[in-house]
Novice: 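Quick one: structure below, then a few questions.
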Amino acid sequence: MPVPRSEYLSSTWKDGIFAGRVAFVTGGAGSICSAQTRALVALGANAAIIGRNVEKTERVAADIATARSGAKVIGIGGCDVRDPQALVDAAKRCADELGGIDFVIAGAAGNFVAPIAGLSSNAFRTVMEIDVMGTYNTVKATIPYLVESAKRNPNPSTDGLTGGRIIAVSAAFHYTGSPMQAHVMAAKSSVDNIMVSVALEYGPFGVTANVVTPGGIEGTEGMERLASSKISSKEMGRAIPSGRMGTVRDIADATVYLFSDAGNYVNGNILVVDGAGWRASHSG
Ligand code: HXC
C-alpha cells in the first residue's frame, strides 16, 4: 500500500535535495535499508535495491517508487553480495539504467543468535562472508562510480550538490561486547574498518565513507531474531537513555543527514543511532 508522502517530509527534510542522484542499496528490501532508500527517493533520488530474493526485491522496489511521483526504483533480485561478479553486474545495470551511482548503502547482513559452541565453521563463515566480503565486494563494484560522481560535483560545499557517498550499516555489539554474537562482532568490526579505509583512500577523490550503526530498531527482522523474550518494545525502550526503541525513520534521518550537504565534511566516522543504548550497556 502506498505510504503517504507526508510521512517522509519533516522540518529537517527538504523536498528535492537529492534530485538527479542515484542510490545503490544492498539489502535494500530489508526493513531498515528500504526505509533509508524510501527517504532518498522521496527527496528526489532514483535507486536500485539489491537482494537475493527476486520476488521480494522487485515488490519492495515497486513500493519504494510510490514515495515520489516519477521516481525510478529498480529491484535487482537474485544478487548475492558474496558473489563479486554479481555486484559488478548490478552496479553496471544501475548505472546504465539510472545514469550513474552517487550514493551507496552497504546494508546486506546476516545474523542469528548462537553461542560459540553452537556455531559451526560454516555458520561463522557465512556471516563473515555476507557482512565482510559483501561490504568489500560492494565497495569494489561501486567505488569507480562514486569517484565519477564526485568528479561531476567537484565542490559540493558551494554548488549545493552532493555525490560520491557510501555508508555501511553496522551493529553495536562489538562496541561493548555481547554473548551469542561472536560471528557478528567479528564481522561488523571488520565492516567498520573497511569504511575507514575507504574514507582514507577515497577522501582525496571527493568520496565520503561512513558507518551508520542502528541500535535496537522496533519492527525489524533483526530485532525479531535477537529478542530473547516476549518483552514489549516499550519495556525494552525503558533501558535506553532516550527512553524508547529506535525506529526505521531514525536510521533514515541519519542517512539523509550524511548524504545531504550537511554531511559534506563528515568522513570516516561511525554514527551510532541508538538513543545512547550502547553507552548505557557499557556503564552496566
Ligand atoms: C547456529 C546457524 C543458525 C543458528 C543458521 N546457521 N542459523 N547456526 N544457529 N540460528 C548455520 C547453518 O546451520 C549453516 O551451517 C550456516 O549457518 C549457513 O546457513 P544457511 O542457511 O545455509 O546460509 P544462508 O542461506 O546463506 O543464510 C544466511 C543466514 C540467514 C545468515 C544463516 O539467517 C540469512 O539469510 N540471513 C539474512 C537476513 C538477516 O539475517 N537479517 C538480520 C540482519 S540484522 P552448517 O554448518 O549447518 O552448514 C543484523 C543486526 C541486528 O545484522 C542488530 C539489532 C540490534
Side-chain angles (χ1 to χ4, degrees), residues 25-36 49-57 60 77-83 86 105-135 137-138 167-192 194-195 211-229 231 233 235-237 239-242 244-248 250-251 254 270-282:
V25 184
T26 69
S31 21
I32 290 178
C33 295
S34 64
Q36 292 172 293
I49 63 168
I50 317 306
R52 272 189 289 173
N53 182 307
V54 175
E55 186 278 324
K56 182 180 177 190
T57 306
V60 175
C79 179
D80 191 321
V81 292
R82 291 169 282 192
D83 178 351
I105 299 173
N111 195 2
F112 46 78
V113 177
I116 290 169
L119 273 174
S120 67
S121 293
N122 189 43
F124 189 90
R125 181 170 47 242
T126 297
V127 172
M128 290 296 282
E129 286 184 347
I130 295 172
D131 291 19
V132 183
M133 294 309 298
T135 299
N137 292 337
T138 302
I167 59 175
V169 180
S170 191
F173 304 113
H174 60 290
Y175 304 155
T176 51
S178 175
M180 316 280 189
Q181 290 288 280
H183 44 318
V184 176
M185 291 206 295
K188 292 297 195 183
S189 54
S190 300
V191 166
D192 288 359
I194 290 171
M195 300 316 286
V211 172
V212 171
T213 297
I217 304 297
E218 63 188 6
T220 58
E221 184 184 349
M223 263 331 285
E224 269 166 38
R225 282 168 183 252
L226 295 171
S228 56
S229 65
I231 48 174
S233 63
E235 285 170 286
M236 287 168 89
I240 295 170
S242 289
R244 64 169 174 85
M245 296 281 292
T247 65
V248 293
D250 292 320
I251 308 306
I270 294 171
L271 179 55
V272 186
V273 186
D274 75 338
W278 81 268
R279 298 278 184 194
S281 122
H282 195 57

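In what follows, residues are counted from 1 in the order of the sequence shown. All ligand and atom numbering here is 1-based and tracks the order in the structure.
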Novice: Who are the side-chain hydrogen bond (donor to acceptor under 3.5 Å, both in side chains) partners of Asn111, not counting sequence neighbours?
Specialist: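 Checked Asn111 against side-chain hydrogen bond (donor to acceptor under 3.5 Å, both in side chains); matches are Gln181.
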Novice: To the nearest 0.5 Å, what is the distance between OG1 (Thr247) and CD (Glu218)?
Specialist: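 Spacing of OG1 (Thr247) from CD (Glu218) equals 6.5 Å.
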Novice: Among residues at least two apart in sequence or on other chains, which ones pass side-chain hydrogen bond (donor to acceptor under 3.5 Å, both in side chains) with Asn53?
Specialist: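 By the side-chain hydrogen bond (donor to acceptor under 3.5 Å, both in side chains) rule, Asn53 matches no residue at all.
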Novice: Which protein residues have a heavy atom closer than 4.0 Å to any atom of ligand 1, listed by chain and number?
Specialist: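 Correct list: Arg52, Arg82, Ala109, Gly110, Asn111, Phe112, Ala114, Gly118, Ser120, Asn122, Ala123, Thr126, Ile130, Phe173, Gly215, Glu221, Gly222, Arg225, Leu226.
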Novice: Could you tell me the separation between the CE atom of Met133 and the CG atom of Asp80, rounded to the nearest 0.5 Å?
Specialist: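 Between atom CE of Met133 and atom CG of Asp80 there are 12.0 Å.
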Novice: Atom CD1 of Ile167 and atom CD1 of Ile270: how far apart are they, to the nearest 0.5 Å?
Specialist: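 Here the interatomic distance stands at 13.0 Å.
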Novice: Taking side-chain hydrogen bond (donor to acceptor under 3.5 Å, both in side chains) as the test, write out the residues that go with Thr126, two or more places apart.
Specialist: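 By the side-chain hydrogen bond (donor to acceptor under 3.5 Å, both in side chains) rule, Thr126 matches no residue at all.
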